[in-house]
Amino acid sequence: MPSPNQPFILIVDDNATNLSVLSQALKAAGYKVRIAVDGEDALAQVERHRPELILLDIEMPKMDGFETCRRLQANPETEGIPVIFMTALTETENKVKGLSLGAVDYITKPFEEAEVLARVKIHWRLKCLTDSLEQQVSDRTQALQQAQLQLVQQEKLSALGQLVAGVAHEINNPIGCIVGNVSVAQDYIQDLLSLIDLYGEKFPQPGAEIEDKLEEIELDYLREDLPKLIQAMKDGGDRINSISQSLRTFSRNDSDTKQPFNLHEGIDSTLLILRHRLKANDYRPAIEVVAEYGQLPKIACFPGQLNQVFMNILANAIDAIDELNQGRSFAEIQANSNQITIRTMVEGKQVKIAIADNGKGMSEQIKANIFDHQFTTKGVGKGTGLGLAIARQIVVEKHGGAIDVNSELGKGTEFVLTLPIC
């Protein structure tokens, strides 16, 4: 049975019998159901009342399922709704086409009620889990941003580390459950397939009814495809685990002594924290990050403090790009794409990290004051003027390095960090 929240499912099919059968089965299982008779009707209904899941027929008049799915995925407001295609088409290219458009699964006609309910149940649970994880990350990212401002003002870098570590911990709990259960599900599936094989050996002539059923469910295809579906779920869980690891890297607590640290891991974990700001939105395309990493040794440093420096510089780069974009159309921005370039290299006994943007740039007067305490070019409530001052203190005073800035108004800014290897 679904959760007490009674998820709303939209069924899209031009066949009245199919709509009736599916509606009755899903309603009996506790789901709320609406129906649409073609793609245009479906899109109109989604605008009025957004479903949690869509069962979408492929072959329909006016607008087929493929085009309907494409439009749903192209809309940021609806791209997250899971789409399960319903079709009598068994050709692999049709299924590949549907999955490439963003569908999460297929149900083959004629329907088996148990199969429909099972697939709807698992994708509803996956959506609930995904929504929960996204909400947790969103909530904690907002908390992270609020804490960061206070942190910069009070120079308490350890508080940021604890907060991000908490996000990583919260992600680990639910995803650990998924990954663990997926492995068990893989074993169960293998056991069931082995049992079917054993039956086939012991009863080589099962009878016409069973043979028809085996042909109907396409056992050979199911045997091949089902493990792939489960593996895809496991791969998704592993990806979230890697994100959690990046968060832990960013939130490393510094001791009183310097520690060997891979600077690329610190930069990558910082980019992960800022990923939501790099993504495309209604006003501009995504900001492209070009990483030109050299072969760097681990350096002795305070990792948490350097991660804070990367955070301040990269966040300022995004701000500079967004300021330049003000008043420009989406097409104008796309023609001269937003970009941040990160280059790392070894020069003698030093490591250099250059972070450049193609944002609004700075005048000579502003460039001369950016490392001063309390100096900011941002509006009231948007900046404290401490970020770059603290970054300079960390690089120069704590690590014996240097931080330089090159900038030209209207063309962009480059910060160059120089750090001793030992």
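Keep in mind the model is a prediction, meaning the values are calculated, not measured.
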Peer 1: Taking all heavy atoms of A315 and all of R277, pick out the closest pair and write down the distance.
Peer 2: O-NH1, 3.8 Å
Peer 1: Would a 4.5 Å heavy-atom cut-off, applied to side chains only, mark V120 and L26 as touching?
Peer 2: yes
Peer 1: Should we say atom CZ of F330 is surrounded by more than 12 heavy atoms from elsewhere, each under 6.0 Å from it?
Peer 2: yes
Peer 1: Okay, side chain of D357, backbone of G412: is any donor-acceptor separation there less than 3.5 Å?
Peer 2: no
Peer 1: Within this structure, what is the CE-CD1 distance for the pair M362 and I370, rounded to the nearest 0.5 Å?
Peer 2: 4.0 Å
Peer 1: Which pair of non-hydrogen atoms, one from T78 and one from R71, has the smallest distance, and what is that distance?
Peer 2: OG1-O, 4.4 Å
Peer 1: So do the side chains of T68 and L43 get within less than 4.5 Å of each other, counting heavy atoms only?
Peer 2: yes
Peer 1: So do the side chains of Y293 and I267 get within less than 4.5 Å of each other, counting heavy atoms only?
Peer 2: yes
Peer 1: Working to the nearest 0.5 Å, report the span between OG of S23 and NZ of K32.
Peer 2: 15.0 Å
Peer 1: Please round to the nearest 0.5 Å and tell me the distance separating atom CD of Q305 and atom NZ of K258.
Peer 2: 9.5 Å
Peer 1: Under the criterion side chain to side chain contact (heavy atoms under 4.5 Å, CB included), I'd like the reasoning laid out for L72 against L101: C-alpha separation, chi angles, the key distance, then a yes or no.
Peer 2: CA-CA 10 Å; L72 289 167; L101 287 171; over 6 Å; no
Peer 1: Applying ring-ring contact (aromatic ring centres under 6.0 Å, His included), which residue pairs with at least one partner in residues 52-73 are found, sequence neighbours left out?
Peer 2: F66-F85
Peer 1: To the nearest 0.5 Å, what is the distance between CG (L22) and CD1 (I11)?
Peer 2: 5.0 Å
Peer 1: Name all pairs fulfilling the ring-ring contact (aromatic ring centres under 6.0 Å, His included) condition that reach into residues 399-422, sequence neighbours left out, sorted by first residue then second.
Peer 2: F302-H399
Peer 1: Do the side chains of T341 and V289 get nearer than 4.5 Å, heavy atoms only?
Peer 2: no
Peer 1: Could you tell me which non-hydrogen atom of D38 sits nearest to which non-hydrogen atom of V12, and how far apart they are?
Peer 2: O-CG1, 3.6 Å
Peer 1: Quick check: closest heavy atoms across P82 and V104, and the distance to 0.1 Å?
Peer 2: CB-CG2, 4.1 Å
Peer 1: For E265 and S269, which I'm curious about, is there any donor-acceptor pair between the side chains at under 3.5 Å?
Peer 2: no
Peer 1: T108 versus E112: any side-chain heavy-atom pair under 4.5 Å?
Peer 2: no
Peer 1: List in chain and number order the residues that pass salt bridge (charged side-chain N to carboxylate O under 4.0 Å, His left out) with R34, two or more places apart in sequence or in another chain; answer none if no residue qualifies.
Peer 2: none
Peer 1: Tell me whether the count of non-hydrogen atoms from other residues, nucleotides or ligands lying under 6.0 Å of CZ in R284 goes above 12.
Peer 2: yes
Peer 1: When you check the side-chain N and O atoms of N338 and N325, is any donor under 3.5 Å from an acceptor?
Peer 2: yes
Peer 1: Which pairs, with at least one residue in residues 410-422 and sequence neighbours excluded, count as a side-chain hydrogen bond (donor to acceptor under 3.5 Å, both in side chains)?
Peer 2: R343-E414, N406-E414, S407-T413
Peer 1: Quick check: closest heavy atoms across L117 and A29, and the distance to 0.1 Å?
Peer 2: CD2-CB, 3.8 Å
Peer 1: So, using side-chain contact (heavy atoms from CB on, under 4.5 Å) as the criterion, who are the partners of L324 when residues are at least two apart?
Peer 2: R328, K360
Peer 1: Counting heavy atoms not belonging to Y283, are there more than 12 under 6.0 Å from its OH?
Peer 2: no
Peer 1: Assess the residue pair I35 and L10 against the criterion (side chain to side chain contact (heavy atoms under 4.5 Å, CB included)); give the C-alpha distance rounded to whole Å, side-chain angles, the decisive distance to 0.1 Å, and a yes or no.
Peer 2: CA-CA 6 Å; I35 61 175; L10 177 64; 5.7 Å; no
Peer 1: Do L306 and L419 have side chains that approach each other closer than 4.5 Å (heavy atoms only, starting at C-beta)?
Peer 2: yes
Peer 1: Does some side-chain heavy atom of D57 sit less than 4.5 Å from a side-chain heavy atom of N15?
Peer 2: no
Peer 1: Which residues satisfy the side-chain contact (heavy atoms from CB on, under 4.5 Å) test with E397, sequence neighbours excluded?
Peer 2: Q393
Peer 1: Say you draw a straight line from CG of L222 to CD1 of I196; how long is it, rounded to the nearest 0.5 Å?
Peer 2: 7.5 Å
Peer 1: Is the backbone of Q190 close enough, under 3.5 Å, to the side chain of S194 for a donor and an acceptor to pair up by distance?
Peer 2: yes
Peer 1: Under the side chain to side chain contact (heavy atoms under 4.5 Å, CB included) rule, what do H123 and D105 come out as? Steps first, then yes or no, please.
Peer 2: CA-CA 9 Å; H123 286 293; D105 205 349; 2.9 Å; yes
Peer 1: With side-chain contact (heavy atoms from CB on, under 4.5 Å) as the test, pick out the partner of I299 among N262, V346, L263.
Peer 2: L263
Peer 1: Quick one: which residue pairs count as a ring-ring contact (aromatic ring centres under 6.0 Å, His included) with a foot in residues 335-364, not counting sequence neighbours?
Peer 2: none
Peer 1: Check the pair D225, Y106 against side chain to side chain donor-acceptor pair (under 3.5 Å), reporting the backbone distance first and the verdict last.
Peer 2: CA-CA 11 Å; D225 193 51; Y106 268 89; over 6 Å; no
Peer 1: Please report the interatomic distance CD1(I84) to CG(L53), rounded to the nearest 0.5 Å.
Peer 2: 4.5 Å
Peer 1: So which heavy atom on E40 is nearest to which on M63, and how close?
Peer 2: CG-CE, 3.6 Å
Peer 1: What pairs with P420 under side-chain contact (heavy atoms from CB on, under 4.5 Å), at least two apart in sequence or on another chain?
Peer 2: none
Peer 1: For D191 and Q186, indicate whether the former's side chain and the latter's backbone hold a donor-acceptor pair under 3.5 Å.
Peer 2: no
Peer 1: May I have the step-by-step check of side chain to side chain contact (heavy atoms under 4.5 Å, CB included) for I321 and I340, ending in yes or no?
Peer 2: CA-CA 9 Å; I321 288 172; I340 295 174; 3.8 Å; yes
Peer 1: Under the salt bridge (charged side-chain N to carboxylate O under 4.0 Å, His left out) rule, what do D64 and R70 come out as? Steps first, then yes or no, please.
Peer 2: CA-CA 10 Å; D64 66 12; R70 188 193 68 77; over 6 Å; no
Peer 1: May I ask you to decide if A16's main-chain N or O and S20's side chain share a donor-acceptor pair within less than 3.5 Å?
Peer 2: no
Peer 1: With salt bridge (charged side-chain N to carboxylate O under 4.0 Å, His left out) as the rule and sequence neighbours excluded, what pairs involving residues 346-355 come up?
Peer 2: E347-K352
Peer 1: With sequence neighbours excluded, what pairs up with E115 under the salt bridge (charged side-chain N to carboxylate O under 4.0 Å, His left out) test?
Peer 2: R119
Peer 1: Indicate yes or no: does D14 engage K62 in a salt bridge with an N to O separation below 4.0 Å.
Peer 2: no
Peer 1: Side chains of E79 and Q73: any donor to acceptor distance under 3.5 Å?
Peer 2: no
Peer 1: Going by ring-ring contact (aromatic ring centres under 6.0 Å, His included), name the pairs with one or both residues in residues 41-60, residues two or more places apart or in two chains.
Peer 2: F8-H49
Peer 1: Under the side-chain contact (heavy atoms from CB on, under 4.5 Å) rule, collect the residues that match up with E47, sequence neighbours excluded.
Peer 2: N75
Peer 1: Is there a side-chain contact between L417 and I313 in this structure, where contact means two heavy atoms from C-beta onward sitting under 4.5 Å apart?
Peer 2: yes
